[in-house]
Student: 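Sharing a structure here in structure tokens format.
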Amino acid sequence: MKFLHGKGYLDQVTEIIESHQDLSAAVAFWGSGVELLFRKRKGKARTRLLCNLGSGCCNPTVIRELLSRPDFEVRQLTDLHAKVVLGDENHIILGSANFSANGLSLEGSEATAWEEAG
């Protein structure tokens, strides 16, 4: 088990997304640019996502893009606040970061308002 912080958190999320056949993620809020993390998942077996669409905190363009992919299943739970990513073979990330520019430091430290951990 490792404690992840800053770029290390993004690196581990990216590694699980890109290298695992089956992927499940329960992450409440999805922001612009996050769909790019999934661009290398073509040909993977299955990607299941659970997010909170009822709050208005998910970027609808991102959700539409992910829903357009045949290997993606997106479901919603209005009171979801989880941040869990499951890969194959017992790989898991439990954390505090939403899948957003701030949460994953996608735009570098200048976009990070919070210290996230996993």
Side-chain angles (χ1 to χ4, degrees):
M1 177 171 40
K2 294 190 252 180
F3 182 78
L4 306 171
H5 166 76
K7 187 170 176 343
Y9 193 96
L10 175 59
D11 290 345
Q12 288 298 304
V13 166
T14 301
E15 189 274 326
I16 285 181
I17 289 170
E18 291 180 355
S19 66
H20 289 258
Q21 233 4 61
D22 288 325
L23 178 76
S24 298
V27 178
F29 310 128
W30 295 70
S32 181
V34 173
E35 70 280 6
L36 299 175
L37 295 176
F38 293 87
R39 68 187 175 274
K40 293 185 179 179
R41 284 200 59 76
K42 292 181 181 175
K44 302 293 182 186
R46 161 178 69 158
T47 305
R48 296 178 302 164
L49 308 177
L50 179 63
C51 57
N52 180 335
L53 298 176
S55 68
C57 294
C58 284
N59 183 307
T61 303
V62 171
I63 301 303
R64 278 188 218 103
E65 161 63 27
L66 296 174
L67 278 169
S68 74
R69 301 177 186 194
D71 55 336
F72 273 67
E73 175 185 336
V74 178
R75 295 192 178 198
Q76 91 90 31
L77 182 61
T78 300
D79 56 357
L80 182 74
H81 198 251
K83 286 88 172 167
V84 179
V85 181
L86 301 169
D88 312 313
E89 305 162 11
N90 299 318
H91 286 88
I92 184 170
I93 295 176
L94 299 171
S96 63
N98 286 300
F99 276 25
S100 63
N102 283 345
L104 294 178
S105 300
L106 292 174
E107 297 175 5
S109 60
E110 66 278 0
T112 305
W114 301 101
E115 288 294 334
E116 302 291 356

Student: Under the side chain to side chain contact (heavy atoms under 4.5 Å, CB included) rule, what do T14 and I17 come out as? Steps first, then yes or no, please.
Tutor: CA-CA 5 Å; T14 301; I17 289 170; 5.7 Å; no

Student: To the nearest 0.5 Å, what is the distance between CD on E35 and CG on N59?
Tutor: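 With rounding to 0.5 Å, CD (E35) is 7.5 Å from CG (N59).
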
Student: Which pair of heavy atoms, one from Q76 and one from G54, lies closest together, and at what distance?
Tutor: OE1-N, 3.4 Å

Student: Given the rule that I, L, V, M, F, W and Y join up when any side-chain heavy atoms are under 4.5 Å apart, are L94 and F29 in one cluster?
Tutor: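 No; tracing contacts between hydrophobic side chains, which count when under 4.5 Å, never links both residues.
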
Student: From the options L77, V62, I63, L66, select the one residue that forms a side-chain contact (heavy atoms from CB on, under 4.5 Å) with C51.
Tutor: I63

Student: What distance separates R64 CZ from C58 SG, expressed to the nearest 0.5 Å?
Tutor: 12.0 Å

Student: To the nearest 0.5 Å, what is the distance between CZ (R46) and NE2 (H20)?
Tutor: 14.0 Å

Student: Looking at every heavy atom in both Y9 and S96, which two are closest together, and how far apart are they?
Tutor: OH-N, 3.8 Å

Student: If Ile, Leu, Val, Met, Phe, Trp and Tyr residues are connected whenever their side-chain heavy atoms lie under 4.5 Å apart, and connections chain through other members, are I16 and V13 in the same group?
Tutor: yes

Student: Between R69 and E65, is there a side-chain N and carboxylate O pair less than 4.0 Å apart?
Tutor: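 Yes, this pair counts.
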
Student: Spell out, yes or no, whether L49 and L10 are grouped together once hydrophobic residues are joined by side-chain heavy atoms under 4.5 Å, including indirect joins.
Tutor: yes

Student: Verify the cluster assignment for V27 and V74: are they in a single hydrophobic cluster under the rule of side-chain heavy atoms below 4.5 Å apart?
Tutor: yes

Student: Answer yes if L80 and L86 sit in the same cluster of Ile, Leu, Val, Met, Phe, Trp and Tyr residues linked by side chain heavy atoms under 4.5 Å apart, and no otherwise.
Tutor: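 L80 and L86: separate clusters.
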
Student: If I compare all heavy atoms of D22 with all of D88, which pair ends up nearest, and what's the gap?
Tutor: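 The pair with the smallest heavy-atom distance is N-OD1, 2.8 Å.
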
Student: In terms of relative ring orientation, are W30 and F38 parallel, tilted or perpendicular, with 30° and 60° separating the classes?
Tutor: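 Tilted: the ring planes of W30 and F38 meet at 30° to 60°.
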
Student: Give a yes or no on whether the backbone of T78 and the side-chain of N52 come within a donor-acceptor separation of less than 3.5 Å.
Tutor: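 Between the backbone of T78 and the side chain of N52 there is a qualifying donor-acceptor contact (under 3.5 Å).
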
Student: Taking atom CZ of R75 and atom CG of L53, what is their separation to the nearest 0.5 Å?
Tutor: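 Those atoms lie 12.5 Å apart.
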
